[in-house]
Amino acid sequence: MIEPVSEDSILIRFGDTLDEQLTPRILAAQQTIAEQLGDWIIDQVPAYTTLLVVYDLHKVDFRRVIRAIELILTATGEDTSEPATTGRLIELPVYYHPDVGLDLEALAEQAGLSINDVIQRHTATTYRVFAMGFAPGFGFMGTVDPSIATPRKTTPRQRVPAGSVGIANQQTAVYPSVSPGGWNIIGRCPTRLFSLDSLSLLQTGDRVSFKSISREDFLAQGGEL
């Protein structure tokens with residue numbers, strides 16, 4: 001479904017629910033639109049189930065954009081292969097411990113698991129980056145093992161340390177900078193996810209795995225307690 005958002009942008013809806021299979025389709029469409037309609041396009045923003053397309057009103061009108069994109073969607077819908085932009089796998093080290101995992105013990109108790117069980121289940125999954133947002137470098141990833149999926153906190157914290165690894169419902173994420181937040185914090189990552197020089201380490205479509213590391217390794221890799 002394609003719907004207007006403003007006089008120079010449209011929103012393409014690929015589905016209504018969180019689904020990892022949608023991400024390759026969205027990125028395939030984004031890639032093809034960029035390749036075939038690049039002269040018209042100012043920006044594209046992929047998200048969970050949508051693709052926002054901003055176009056140049058001085059070069060093309062709404063009806064012409066719609067017709068061109070409908071043809072692209074028909075073509076990419078028949079292609080089930082993943083675009084090259086989804087092939088990147090990133091491993092992030094995490095120090096899982098109550099010293100930095102502010103909610104690790106509570107989450108384990110609520111799930112009826114040991115702390116080691118929570119760590120094992122969080123590191124056993126390779127996550128897809130569904131969308132970027134909230135803060136520069138913040139990637140919304142899923143999906144989390146149902147046994148450790150936990151709702152957001154009723155009252156968010158005013159200050160969550162940079163590098164904090166959290167869970168909220170079916171998603172997990174790493175806070176790239178100090179900020180307020182309501183996710184359940186289970187560990188801390190020493191890897192810098194955003195800088196003005198290199199911008200964001202993560203991009204929509206990336207796959208991310210987490211590796212449990214010791215306190216010593218965490219500190220050696222630049223982590224702060």
Side-chain angles (χ1 to χ4, degrees), residues 1-92 125-146 149 167-174 176 183 193-194 198-210:
M1 179 186 297
I2 303 176
E3 56 190 66
V5 176
S6 66
E7 63 179 359
D8 63 348
S9 63
I10 59 172
L11 191 70
I12 308 171
R13 293 191 179 276
F14 292 81
D16 297 316
T17 58
L18 191 66
D19 183 354
E20 185 176 346
Q21 300 304 314
L22 289 181
T23 304
R25 289 179 53 202
I26 294 170
L27 295 181
Q30 179 189 18
Q31 184 172 304
T32 307
I33 289 171
E35 292 171 352
Q36 297 187 14
L37 310 180
D39 290 342
W40 299 349
I41 305 303
I42 294 175
D43 194 14
Q44 296 189 78
V45 182
Y48 294 95
T49 60
T50 62
L51 177 63
L52 177 70
V53 180
V54 183
Y55 56 92
D56 191 338
L57 281 174
H58 298 289
K59 296 181 178 179
V60 66
D61 61 30
F62 174 77
R63 289 187 177 85
R64 193 175 176 190
V65 166
I66 291 293
R67 285 197 298 269
I69 289 180
E70 285 176 342
L71 291 174
I72 288 174
L73 293 178
T74 300
T76 56
E78 297 171 354
D79 182 4
T80 57
S81 61
E82 292 192 10
T85 51
T86 65
R88 203 168 60 143
L89 176 62
I90 298 172
E91 183 181 84
L92 295 178
T125 299
T126 298
Y127 302 95
R128 176 78 73 177
V129 179
F130 289 124
M132 301 296 299
F134 171 64
F138 190 103
F140 293 86
M141 297 176 262
T143 54
V144 170
D145 186 302
I167 292 176
N169 297 310
Q170 295 177 286
Q171 297 182 91
T172 188
V174 182
W183 293 44
L193 297 186
F194 179 84
S198 57
L199 299 182
S200 177
L201 174 64
L202 303 179
Q203 298 177 9
T204 301
D206 286 344
R207 293 172 297 134
V208 176
S209 64
F210 293 100

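All of these numbers come straight from a predicted model, not from anything done at the bench.
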* Would Leu92 and Phe210 count as a side-chain contact (heavy atoms from CB on, under 4.5 Å) if you check the C-alpha gap in whole Å, the side-chain angles of each, and the deciding distance to 0.1 Å? -> CA-CA 5 Å; Leu92 295 178; Phe210 293 100; 3.9 Å; yes
* Atom OH in Tyr55, atom CD1 in Ile69: separation rounded to 0.5 Å? -> 9.0 Å
* Asked: Just how far is it from atom CZ of Arg88 to atom CG of Asp206, taken to the nearest 0.5 Å?
  -> 4.0 Å
* State whether the side chain of Arg128 and the backbone N or O of Gly205 hold a donor-acceptor pair below 3.5 Å, judged by distance alone. => yes
* **side chain to side chain contact (heavy atoms under 4.5 Å, CB included), paired with Val53, selected from Ile42, Ile12, Leu37** => Ile12
* Nearest heavy-atom neighbours spanning Met141 and Val174 -> CE-N, 4.2 Å
* Asked: About how many Å separate CZ of Arg207 and CD of Glu20, when rounded to the nearest 0.5 Å?
  -> 9.0 Å
* Structure fact -> Looking only at heavy atoms, the pair that brings Thr204 and Ala131 closest together is OG1-CA, 3.8 Å
* Structure fact -> Closest heavy-atom pair, Phe62 versus Pro4, reported as atoms and distance to 0.1 Å, is CE1-CB, 4.1 Å
* Asked: What's the verdict on side-chain contact (heavy atoms from CB on, under 4.5 Å) for Val144 and Tyr127, showing C-alpha distance, side-chain angles and the deciding distance?
  -> CA-CA 8 Å; Val144 170; Tyr127 302 95; 4.1 Å; yes
* Asked: Of the non-hydrogen atoms in Phe14 and Leu22, which two are nearest, and what is the gap between them?
  -> O-CD2, 3.5 Å
* Exercise: identify the closest heavy-atom pair between Leu57 and Glu7 -> CD2-O, 3.3 Å
* To do: Check step by step if side-chain contact (heavy atoms from CB on, under 4.5 Å) holds for Thr172 and Thr125.
  => CA-CA 11 Å; Thr172 188; Thr125 299; over 6 Å; no
* Structure fact -> Separation between OG1 (Thr32) and CG (Leu73), nearest 0.5 Å, reads 9.0 Å
* Asked: Taking side chain as C-beta onward, heavy atoms only, is Tyr48 less than 4.5 Å from Gln171?
  -> yes
* Asked: Does a side-chain heavy-atom distance below 4.5 Å link Leu71 with Gln36?
  -> no
* To do: Output the distance between atom CD (Gln30) and atom OG1 (Thr23), rounded to the nearest 0.5 Å.
  => 11.5 Å
* Asked: Phe138 versus Phe194: any side-chain heavy-atom pair under 4.5 Å?
  -> no
* Determine whether Ile33 and Leu51 make a side-chain contact, defined as any pair of heavy atoms from C-beta on separated by less than 4.5 Å. => yes
* To do: Give, for atom CG of Asp16 and atom CE of Met1, the distance between the pair rounded to the nearest 0.5 Å.
  => 7.5 Å
* Asked: Which heavy atom in Ile10 sits nearest to a heavy atom in Ile2, and how many Å separate them?
  -> CD1-CG2, 3.8 Å
* Given Val5 and Thr50, is the side-chain contact (heavy atoms from CB on, under 4.5 Å) satisfied, shown in steps? -> CA-CA 12 Å; Val5 176; Thr50 62; over 6 Å; no
